[in-house]
There are 2 protein chains.
Amino acid sequence: MSMTNNDLPVAARGRKRDPERDVAILEATIDLLAEVGYDGLSTAKVADRAQAGKGTLYRRWPTKTDLVLDAVAHMKAQQIDLEALPDTGSLRGDLLAMFRPQDGAKVDRILRAMAGVVSMISQVPGLADTGDYSIFEPWITANAVLMERAQARGEIPPTADIALAAQIIPSMAAYRALILRVAIDRDLLERLVEQVVLPALGESSFNPSPSQDGMGQDG
Amino acid sequence: MSMTNNDLPVAARGRKRDPERDVAILEATIDLLAEVGYDGLSTAKVADRAQAGKGTLYRRWPTKTDLVLDAVAHMKAQQIDLEALPDTGSLRGDLLAMFRPQDGAKVDRILRAMAGVVSMISQVPGLADTGDYSIFEPWITANAVLMERAQARGEIPPTADIALAAQIIPSMAAYRALILRVAIDRDLLERLVEQVVLPALGESSFNPSPSQDGMGQDG
DNA sequence: TAATTTCGATACCTAATAGTATCGGAACTG
DNA sequence: CAGTTCCGATACTATTAGGTATCGAAATTA
């Protein structure tokens with residue numbers, strides 16, 4: 001969605017557009033989005049925080065809405081890499097490894113920014129239909145991938161409702177971030193994994209009596 | 001929080017304040033909150049929709065923020081009555097009975113209004129600390145009460161993490177309402193109760209052995 | 001060097017809106 | 001009836017903010 005056009009064989013005289021200004025403006029946008037929300041965010045404040053002129057901003061994005069949507073996409077791109085998911089050998093370990101300890105502040109900023117995005121959805125018509133703005137969707141997808149791997153290992157039964165279980169932790173994170181305005185912590189994450197997600201998948205960790213036939217393997 | 005003062009022994013001459021205007025304005029506020037969010041909502045639009053003058057509105061609430069907060073409180077008061085919770089005999093039945101079929105449209109309106117409130121939280125400083133705005137909290141409390149009754153009946157073990165399990169359905173509803181903009185449906189509710197909430201409480205519906213003794217009283 | 005484009009900064013225009021004031025009329029009280 | 005308060009409607013003020021235009025300087029190329 002960036003407006004840098006290096007594809008046309010035009011002469012391209014004059015000073016070159018600085019791509020560093022793009023990221024500075026996008027980062028400032030995410031900061032303000034997390035702090036004051038979509039409506040509290042003004043383009044003047046964004047330009048000010050990014051040490052940029054409003055002209056530089058509007059040369060790149062035609063409207064405030066485009067800017068914010070691009071900022072969310074930029075934020076999303078920095079997030080979960082589906083190619084580099086944890087692989088600890090157990091689903092429990094994988095789910096816990098999704099949360100690195102130093103990520104606390106980062107995750108908090110992202111979730112607060114999502115709270116700012118929520119207010120945009122109510123005001124930009126047709127935006128709710130795309131879903132492009134959601135940072136939770138890749139997270140859910142990553143959880144589903146980890147669960148499918150566990151299923152392939154025989155760690156959880158093939159009847160497990162992965163689509164549902166993969167939503168539990170992100171939806172709880174959304175609730176806390178958007179409503180309670182509190183970040184998820186390690187203790188809660190562990191309780192969710194052990195007492196909610198794994199039992200929902202039929203792994204029942206605290207009631208270990210898989211006396212049925214079959215695939216009672218864990219690792 | 002209403003401003004009707006019938007408590008002072010003042011002469012009270014002149015035309016009486018019409019309490020019907022209060023509810024008309026509050027309902028119009030909730031409608032617009034659900035449609036366009038906190039910032040998209042203007043006091044002029046509220047007065048227009050309620051067939052009221054702006055003077056009538058500002059005679060009752062000093063600021064737009066006070067109006068919206070009172071509207072949320074009004075919405076909350078119409079909701080879950082902790083004195084009249086369902087009592088079907090089983091936790092599964094109680095949780096499902098919290099959702100009456102005809103409530104679909106109502107619940108949808110409420111959750112959309114909550115999405116509008118989220119944008120207010122980012123802009124009114126100190127609001128996040130109170131939590132008064134949240135419609136989910138009474139819902140969570142109601143779930144916890146139902147679960148405690150089931151625990152007293154011996155239906156779920158005393159070690160069950162009720163505080164956590166009571167949050168699962170409301171947080172999923174919040175995620176869907178705020179991010180996906182889709183209401184929760186009966187099918188999803190049943191899957192959540194059977195596959196997530198009850199297993200999280202250690203009831204393990206697919207491994208039914210409640211052979212413990214029990215103190216089957218509720219109150 | 002000369003032309004061109006981007007840069008940060010800032011003045012400017014215009015639309016929307018929170019909140020106030022006023023008006024004619026209706027309801028209530030003494 | 002007279003005084004008072006509420007009512008819907010509407011005009012008004014002041015502020016905020018999205019977006020545009022301009023300026024001098026820096027960068028880039030011919």
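All chains are named by letter (A, B, ...) in the order of the sequence lines, taking the proteins before the strands, and each is independently numbered beginning at 1.
A:Asp39 places its CG atom 15 Å from the C1' atom of C:dA18, with the value rounded to the nearest Å. For A:Leu57 and D:dT20, the CG to P distance is 11 Å, given to the nearest whole Å. In this entry the distance linking OH of B:Tyr38 with P of C:dA18 reads 8 Å, nearest Å. Residue A:Arg13 contributes atom CZ, which lies 16 Å from atom P of D:dT28 at whole-angstrom precision. The CG-P distance, from B:Asp66 to C:dA18, rounds to 14 Å in whole Å. A:Leu32 has its CG atom 12 Å from the P atom of D:dA17, to the nearest Å.
Looking at residues 112-130 of chain B, you'll see that no heavy atom sits under 4.0 Å from any atom of DNA chain D.
The line from CD of A:Gln151 to CG of A:Leu91 is 10.5 Å long, rounded to the nearest 0.5 Å. Note that the OG atom of B:Ser42 and the NZ atom of B:Lys64 stand 7.0 Å from one another [nearest 0.5 Å]. Here the CG atom belonging to B:Asp161 is positioned 4.5 Å from the CD atom belonging to A:Gln195, to the nearest 0.5 angstrom. Separation of atoms CD1 (A:Ile156) and CD (A:Glu148) is listed at 9.0 Å; rounding is to 0.5 Å.
In this structure, B:Leu41 reaches the sugar-phosphate backbone alone: every heavy-atom distance under 4.0 Å involves primed, P, OP1 or OP2 atoms, never a base.
Not counting sequence neighbours, B:Phe99 has no partner by the ring pair (Phe, Tyr, Trp, His ring centres under 6.0 Å) test.
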Chi angles and distances behind the side chain to side chain contact (heavy atoms under 4.5 Å, CB included) call for A:Asp94, A:Leu85: CA-CA 8 Å; A:Asp94 287 349; A:Leu85 291 179; over 6 Å; no

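When A:Lys45, A:Arg109, A:Arg112 are each tested for a salt bridge (Lys or Arg N to Asp or Glu O under 4.0 Å) with A:Asp31, only one passes: A:Arg109.
For the pair B:Gln79 (side chain) and B:Ile135 (backbone), a donor-acceptor distance under 3.5 Å is absent.
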For each nucleotide in nucleotides 6-11 of chain C, reading 5' to 3', give B when a protein heavy atom comes within less than 4.0 Å of its base, S when such contact involves only the sugar-phosphate, and - otherwise. BBBBB-

